[in-house]
Each structure stands twice: as C-alpha cells, then as structure tokens.
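Written out below as structure tokens is the structure these notes cover.
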Amino acid sequence: MTDITQNGKIDTEEPLVRVQDLKMHFPLHAGLLVQRQVGAVKAVDGVSFDIYKGETLGLVGESGCGKSTTGRAILQLHHPTDGHVFFRGDDLTRMGGGQMRKMRRYMQMIFQDPYASLNPRMLVGDIIGEPLEVHGIARGKEKRERVQELLKVVGLNPYFINRYPHEFSGGQRQRIGIARALTTNPDFIVADEPISALDVSIQAQVINLMEDLQQQFDLTYLFIAHDLSVVRHISDRVAVMYLGKIAELADRNTLYEDPLHPYTQALLSAIPIPDPEIEATRERIILKGDVPSPVNPPPGCNFNTRCPLAIELCREQEPEFLEIKPQHWVACHLAEVGESKLDIKL
C-alpha cells in the first residue's frame, strides 16, 4: 500500500508498521466441571493497514469496535489469533519472548486512563525511569538525569521525581505517561485515546505537546480516538473502524471532504459546526438499531443491519477492502459502483 505524505507526494518506501489480516478473537467458555469453548468475541476480525515513518494514522470508530484491541495486538500485549504485524520488516507475531523483549523498547504506548496507568505506590522518577533499567539503558545518576530531562520535555518540573501520582492533576499524570513512553527513544507509539479522560481545556495542550514531540523526536503515531475533530487535527491519514473491521481508509482531507462509506458519512454528519447558519441547514444521518454483537456478527457486510443503503448483496457477501480511488480504500459494495453516497450536506 502506498501513502500520501504530508506534502501530498506519494511515498513508496517500506512502511514502519505493516498490519496484515490481523485477528484478535477472545474465546467464550461454558460448563461447570468441564470448560468448553462455545464461541468467540471477534474483537478484531481481519484488519490491514500500513503506517509510515513520521506520520500519524488516526483510528476512529464507536466504543467497542475494536480500536484499543487493535493497538494492543499490534504491540503484542494481546497475542493475535491470526494475521501478521511487521515492524521494520520483522514479523512480531512470530517472535519469541526474548526477541520481543528487545523489540519493545522501540514501541511504546500511551494509555487512556492517566489515573489507572500509573502505579500509585511508585515515585514519579521510578515510574518514568523503570524502562531504562528494564532494557539496561541507564542506572543511578544517568537514569535520574534522563528522567529529569524528560519531565522538562513534557512541560513538568524536573524536581517532581520524588512525588507520587496522586499529587498530580489528570493532565499532569498524562504528561508523566507520555514521558514514560519516550524514555527508551521509541520509533512508534500507540496513543490509546490519550485525551478522552481529560478536561476539554487540557485536551488541546496534550495534543499540541504530542505534535511537538513528534517533530522533535521523529515519532510515528497510531492515534486511537472517537473524537473526529481531534483526529482530523492531528492525523495525516484516518482509518474508520466498525465491528472489528476497517470500513474506510484515506488521507484526512479526502476522508472528511469525500467520505465513501455510509458509516463514515454518518459519523461525520454528527460533528457539530460552529457556524449556526450552516448547522441549521445540515442533515444528520441517524443510524437505526444497535451495533451487532461481535460474538455473532451479521453475514455479508457487518454494517448492513444499520446501513440505510443496504441491498441484498450487502446481506449475502462480505465486501472486499479495495482502493476505489487513488489512496482511498473502502469496504463497500456500493462504493465500487459509485452508489454509496447519501443525500446529505456534511
């Protein structure tokens, strides 16, 4: 899969991260004396995309669609049921424990909840500095200096190293989490809804910090979120996820200005516009029904139970994830023939 870089040119270099047909199914068991598998939660069910060095790929979708599980499976925090994850050309899913341990220093994660992701019994200096000892990078005075440097980088007082997490606000805790992710000089960071637990007034500060750090350290992000306006601001490309699958993937401007999948169109129609005159004339797409259970997804297109344009083919045959337009990938039968557009004003 080729990519459009920030300057609009097509980039044909090898991706930093390549995800191929990734599946993460959690088994369901039943029985009192003898546990037997009776099904599986198909949290991620055949996801494929590339992430290129220096870019931010936004991953959006409703709660429960498999975004966070995808991020964790890429980092091998969950061992995938099937599929491949290549990092710098190496298949992480085929690595043993020792190999994976060495690779982890180059891949880090920023967690969603800054209150739950920091050990309340550890000092901030130990929380940030622990990866340095785990990977044998630095100890003693060198470790302390590195931790203080990182605290300054994320906008905190370097003398906070002797404080506990409960002494900080939510925004400050998330900055500590970001500093911890930067400790080992990673190339790739999965940001799992890093601002959703923060006050609105703090969210912009954290987003700006992440953008500054990306420029400073040449970072590559997978940015997971459900706030489409934030994703448009920070991402170079955007992937839309629904019920464990990627529905659409395109450059951010292309996706927001010319969405081809009915689900993407419904999501974008829900974004409020500050101009009251435009907002008053806009048509909202209200999806009927509930998201199907990932234990028993519907046959055919997994969106067909809620899609206002669904035809019989959608209920019988699963659509392929195809490049309908240059650099614009969609999984929709109607998009293939140019009939996926809803009559709406976005």
Side-chain angles (χ1 to χ4, degrees), residues 56-72 108-128 147-183 186 189-217 219 221-236 238-241 252 256 267-276 279 284:
T56 298
L57 177 67
L59 185 60
V60 301
E62 294 174 87
S63 296
C65 71
K67 305 185 301 295
S68 296
T69 304
T70 298
R72 289 172 177 267
Q108 292 294 321
M109 189 166 190
I110 301 171
F111 294 93
Q112 177 178 357
D113 188 352
Y115 295 90
S117 61
L118 303 180
N119 190 331
R121 295 180 178 86
M122 292 178 66
L123 294 170
V124 166
D126 295 329
I127 291 172
I128 299 174
V147 171
Q148 289 183 317
E149 176 190 350
L150 286 169
L151 283 172
K152 285 192 288 187
V153 164
V154 299
L156 294 176
N157 190 318
Y159 297 104
F160 284 170
I161 58 173
N162 294 318
R163 293 190 180 184
Y164 288 94
H166 73 267
E167 300 179 61
F168 296 90
S169 67
Q172 289 175 321
R173 291 189 196 198
Q174 195 60 293
R175 289 173 184 265
I176 293 169
I178 293 171
R180 177 177 58 185
L182 294 173
T183 306
I189 292 180
V190 174
D192 184 13
E193 303 204 33
I195 63 170
S196 62
L198 305 178
D199 293 340
V200 175
S201 59
I202 305 299
Q203 290 180 358
Q205 297 177 20
V206 174
I207 289 295
N208 291 336
L209 172 64
M210 291 183 64
E211 289 183 318
D212 292 342
L213 294 174
Q214 184 174 35
Q215 295 296 321
Q216 185 175 350
F217 297 108
L219 297 172
Y221 291 141
L222 174 63
F223 189 89
I224 299 169
H226 57 263
D227 189 330
L228 289 161
S229 57
V230 170
V231 169
R232 182 173 190 175
H233 174 76
I234 196 172
S235 302
D236 300 304
V238 179
V240 179
M241 195 167 183
R252 64 177 177 186
Y256 281 75
L267 287 181
L268 293 177
S269 76
I271 302 176
I273 294 177
D275 190 323
E279 183 68 22
R284 286 283 308 276

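Considering CD1 of Ile234 and CG of Leu57, their distance stands at 11.5 Å, rounded to 0.5 Å. To the nearest 0.5 Å, atoms CD1 (Ile195) and CZ (Phe223) are separated by 5.0 Å. Rounded to the nearest 0.5 angstrom, Leu209 CG and Ile178 CD1 are separated by 5.0 Å. Note that CD of Gln172 is 10.0 Å distant from CG of Asn157, once rounded to the nearest 0.5 Å. With rounding to the nearest 0.5 Å, the separation of CZ in Phe111 from CZ in Arg72 is 5.5 Å. Atoms CD1 and CD, from Ile128 and Gln148 in turn, are 10.0 Å apart once rounded to the nearest 0.5 Å.
Looking at Thr56 and Gln214, their side chains do bring a donor and an acceptor atom within 3.5 Å of each other. Side chains of Glu193 and Ser68: a donor-acceptor N/O pair is absent below 3.5 angstrom, by distance only.
Checking side-chain atoms of Arg252 against main-chain N and O of Arg232 turns up a donor-acceptor pair under 3.5 Å. The closest donor-acceptor contact from the side chain of Asp199 to the backbone of Ser201 lies at 3.5 Å or more, if one exists at all. A donor-acceptor pair under 3.5 Å links the side-chain atoms of Arg173 to the main chain of Pro165, judged by distance alone. Judged by distance alone, with hydrogens and angles left aside, the side-chain atoms of Gln108 form no donor-acceptor pair with the main-chain N or O of Ile189 at under 3.5 Å. At least one donor-acceptor pair under 3.5 Å links the side chain of Lys67 to the backbone N or O of Gly61. Using modelled atom types, one side-chain atom of Gln174 and one backbone atom of Pro194 make a donor-acceptor pair closer than 3.5 Å.
For Gly155 against Arg175, the heavy-atom pair with the smallest separation is CA-NH1, 4.1 Å. Minimum interatomic distance between Leu151 and Pro158 (heavy atoms only, all atoms of both residues): CD1-O, 3.8 Å. What you find for Gly171 and Ile202 is that their closest heavy atoms are CA-CG2, 3.7 Å. Closest approach of Asp192 and Ile224 over heavy atoms only: OD1-CG2, 3.8 Å. Looking at every heavy atom in both residues, Leu123 comes nearest to Ile161 through CB-O, 3.6 Å. When all heavy atoms are compared, the tightest approach of His233 to Ile207 is CD2-CG2, 3.6 Å.
Here Phe168 pairs with Phe160 under the ring pair (Phe, Tyr, Trp, His ring centres under 6.0 Å) rule; sequence neighbours left out. The side chain to side chain donor-acceptor pair (under 3.5 Å) test applied to Glu62 returns Tyr263, Arg306, not counting sequence neighbours.
Side-chain contact check for Met241 versus Cys65: some heavy-atom pair is nearer than 4.5 Å. Using a 4.5 Å cut-off on side-chain heavy atoms (C-beta onward), Leu228 and Val238 make no contact.
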